[in-house]
Amino acid sequence: MSGGSGASPENGGGIGATQAADEAERHQPAHFAFDEESERRIPGILARYPETRKASAVIPLLWLVQEQMRRQTGSAWVPKAAMDVVAARLGMPPIRVYEVATFYFMFNTRPIGRHHLQVCGTTPCMLRGAEEVARACRDATGIKAYGETSADGMFTLSEVECLGACVNAPVLQVDLDYYEDLDYESTVRLIEALRRGERPRPGSVIGRQASAPEGERTTLLDVPGE
Amino acid sequence: MAKVTVDGIEVEVPNGATVLQACEAAGKEIPRFCYHERLSIAGNCRMCLVELEKAPKPIASCAYPVADGMVIRTDSPMVRNARRGVMEFLLINHPLDCPICDQGGECDLQDQAYGYGMDRSRYREAKRAVKDKYVGPLIKTIMTRCIHCTRCIRFSQEVAGVPELGATGRGEAMEVGTYVEQALRTELSGNLIDICPVGALTSRPYAFAARPWELRKTDSVDVLDAVGCNIRVDSRGPEVLRILPRTNDAVNEEWLGDRSRFALDGLKRRRLDRPWVRRDGRLLPATWPEAFAAIARRLTALPGHRIGAVAGDLADAESVVALKDLMTALGSANLDCRQDGAALDASRRDFYLFNTTIAGIEEADALLIIGSNPRVEAPVLNARIRKRAIAGRPFPVGYIGPHGVNLTYPAAHLGEGPAALRALLGAAHPFAETLRKADRPMLILGRGAVARADGAAVLAAAWQLATETGMLRPDWHGFNLLHLFGGQVGALDLGFVPGEGGKDLAAMLAGDVDALWLLGADGFDPARIPPSTFVIYQGHHGDRAASRADVILPGAAYTEKDGTYVNTEGRVQRGYLSVFPPGEAREDWKIVRAFSEGIGKRLPYDDLDALRARLAGANPVFGTIGTLERRGCADTRGPAGDPAALGESPFVLPITNYYQADAISRASDTMAECARIYGGAAPAKLAAE
Ligand code: SF4
Ligand code: FES
Ligand code: FES
C-alpha cells in the first residue's frame, strides 16, 4: 500500500474517486445505450425486485453495462453516460448510481485494457508468493505500477483483496477467470498466451484438481468394503 | 415515556427518542458531528459516544433509542477515552490549517478538539489530500477538511430536494462531492455552509472577510421574501459582512434562502446617500432642507386628491403608517401598495394571508398550488412543503401553472391557467375529489395569479374552491396567499390601499394625480408614470424608479433601521438596526415625520415608541410581536370578485429570476453572478428522485 495519499497511483482503488473521474473524462463516450443482448436480460433482473424497490437493481445493471462494454469495445468499464442511463432506467438520482459504481472495485470507472489482471495481495497469497506474481505481471506487460494499462492496451494491472481462493494461493484473476498456484514463470507464460489471443484453461496451473491436495490423494485412501 | 438516568439525573423522554436527546433533556451536552436534528440519522462520526450501564462498549447516542430504566454516563473515563480515540482518528486526515480556515472560531471540530484532542499527533504517515470541488458560486470548498459526516449529502437530498451531492469512492478514497462537476441547483445552498461542522464548505463571498469574534451580531428579520425568516446580521464597523439564519421553528426552522443570505453586497452598491433635486431636467445633489422645500412647494400647491403615494415591497410598517398619515393630513386617499396590480381584497385579513401558517403545512394532507412556484417565491416555505411531502403519510399535491417547474416534490400538473381552476369548481374533477376527501386540505394562491386582469375572479374562485372542498372550517383554514416580499402584508394590514374615493395605482399612473410619493416603490416600470407627474422617490437604492424622480429622499435599507414587518402568514416581527444608513440617508419614518413638520402638518409621534403605539392603534395586530394565533375560518363569505369572470390566459409566474428580484439583490454582484450561472431562470429540471 502507498503512504496514505489518496492520489497515489499505486493502487487502482486507492486513487481519489474524482481524480479517477477526471482522468476518465478524456475517454468518456457522450452516449450509451443498452444493446439488444443487455435489453434481453434487463426484464429478468428487474423482476427480482418490487417496483418500489427497483433501485436495488443498480448493481446487476451496472454489471450488465460493464459486460456490454467488454463485448463492444474490448474494455470492460462503466462510462458516466451509462451510469446516467442506469439512473434513468431505475428512477434514481444519478449521484446515487455514481456512489455505487465508485464504491465497488469490480466496477471500473475508467477504461481498462483488454485483460484485467487482478493480483490478490492479501496475506495467504502474499505468503505464497503474490509479490512474484505481481512482478511477473509487471515484467511481462511493461506496466510499472498498479492501476496502469500497458502501452499496447492489452493489460491493466490491479491489486485486489482476498479472492476467496486462498487454498490455491497465489491467485490471479484475469477478467472473470481465476488462475491459481502461480509462480513467476507460469504467470509470464499465462500472460504471453493471453497476448497471443489464447485463453488457457482457468484454475490451478499445476494440474491440481479443484482444491484437492497437490499430487496424490492423502486421505480417504481406503475404500470401505473392499 | 421512558425514564432514563443520565449522570444521576432522572429524565423522562418519549419512547423512540434517542439517547442523545435524553442526555440533552438532562442538560448534558453531547459532542456530535454527523447528527443534526433536522436531518436523518447517519451515526457515522462516533463522536457522540456515551456509556450505557451493562453495555460492553460505548454506544453512539445519536443512533441509539432509549429504553425504560437506562442508566447513561456521559462523563466517565470510558467515555472520555472513547471520544479521544475518535478525535484522534478524525484528525489523522484533517489538516491543521485553522489559522487560514474561515470556520476558525466557529468550528465544531476545533471546539471539540480542545476538549478531546491531543496536543501532538502519533500519526507519521502522509495525510490524505482531496481535490476541491465546484458546487456553485456561493460555496467555497476545501475538501481536504471534510470529515465525511454526510450532513451536506443528507441536507441536499432531504431538505433541499436536490439529490446531487454524494460520497463517491470508498475508504481512504472516499470523497464528498457531485462527481460530475456542476453547481448545485438549489436556492437553499447557503445552508450547507451552516450545517457543515468543519471548514470544508464555507461562504465564498465571505471568504477571509472576518473572524466571528470581530463581528457585531444583531438579531433581525429578512424582508427579501415574504417568509419573514429570522436572521442574524453580522457587521463590522459600517459594513454588513454576512447574514445567517436564526432558529425559529414556526417560521424558517433554521434555513435561509440564498437571495436573503447573499444579496448583502447589494447593500453597499447603488446607494442613495444624499438628497437629490431635479433642476432644469437634471438631478443635482441637494441638502435635506432644499429637498423638502422643493417637495413642499409642489405639494402645498395641489389639492389633496391630486397627490398619491405608493408603498414599496420592502417598506417597514412604521414608514408606511407615517406616509399614510401624511397623505391623510394632505387630504389624499390615493394610496396603493400593490405595485403588481394584485387584485387583493384588504377588507378581511384572511383574504390575503397564508392562513394555514408555515408550521401548519406539516398538518395538511392535500395541497393545491395555483399560479405560484413556491420554490422560487419562498424557498424556505417550499422546504416546509417538501418536509411534509416526504413525511410518509400521503400528501397529494396538485399544481396549476406553467410547465417545466420542479417543486422538489411530486405534483400533478392540472393545467396552466384559470381553466383548470374552473374545472375543479363544482364538477366532479378527480383532484377536487382528493381535496374534498382530505382531512386538512389547503391551497396556495400565488400573488402572481391575482396580479392580472381577471385577478379578482381568480381570488374569488380560489376562495370558492376552498369553501367547496372543506378548507374553510372553524378549526382549519386552508386558504393561503403567498406574498413575495417582506413589506407587502404590513402595508395591507395598515390599509395602504385607496381610501374613500381614492385612486389605485393604475389610475394614478393614468394621470389622475399630479404628484406621486414613492416609498421604495421599484416594483413597476417607472416609464408608466406620465411625464407631467411630479415624483418623489424615498428609498435606499438607485434602482428603477429613482432616475425618474424629481426629488430623491435617501432612506434606510432593512439592515439600517428598527422596523416592523409582517410575513405572509400575518406574523408581526421586528428587525433591528445593525449599521447606520450611509451618508445623509435617514430612517424612513423620520424623513416623513420631518417633512410633515416643515409643512405645518406635524405627525403626532416624536419617537419610535409613540409611532408603534400609533401602529397598534391603526391595526391591533401590531400589538403582538412574533407569535401568531392559529386561525380557523368561521365566516366563509368570500372576497369581492366574480368567480365566473375567469379569463383564459395561462398563469405567468411573477419571479422568473430568483436571484434578482428586488432593489437590493439587483444591486448585488454576487446575485448577478448567480443569475449568470443559473441562467436567471428557476433551476432546470432534475432527474427523477
Ligand atoms: S463537506 Fe462538511 S457537511 Fe459535507 S460531509 Fe464533509 S464535513 Fe460533512
Ligand atoms: S488471500 Fe488471495 S485468494 Fe484469499
Ligand atoms: S453524532 Fe452520533 S455518530 Fe455522529
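These numbers were taken from a predicted model, which means no experiment stands behind them. So that the names make sense, note that chain A is the first sequence line, chain B the second, and so on, each numbered from 1.
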Open item on the list: Is L165(B) close to chain A through its backbone or its side chain, or both, or neither, when contacts mean heavy atoms under 4.5 Å?
Closed with: backbone
Task: For Y98(A) against V180(B), the heavy-atom pair lying closest together - done: CE1-CG2, 3.5 Å
- [ ] Kindly check if the number of other-residue, nucleotide or ligand heavy atoms within 6.0 Å of CD (E39(A)) is above 12?
- [x] yes
TODO: Give a yes or no on whether R70(A) atom CZ has more than 12 heavy-atom contacts from other residues, nucleotides or ligands under 6.0 Å away.
DONE: yes
Open item on the list: Looking at Y134(B), I'd like to know if its OH atom is crowded, meaning that more than 12 non-hydrogen atoms belonging to other residues, nucleotides or ligands lie closer than 6.0 Å.
Closed with: yes
Open item on the list: Working to the nearest 0.5 angstrom, can you tell me the gap between R170(B) CZ and Y104(A) OH?
Closed with: 7.5 Å
Task: Greater than 12 external heavy atoms within 6.0 Å of R204(B)'s CZ - done: yes
Task: Within-4.5 Å side-chain heavy-atom neighbours: E99(A) and Y179(B) - done: no
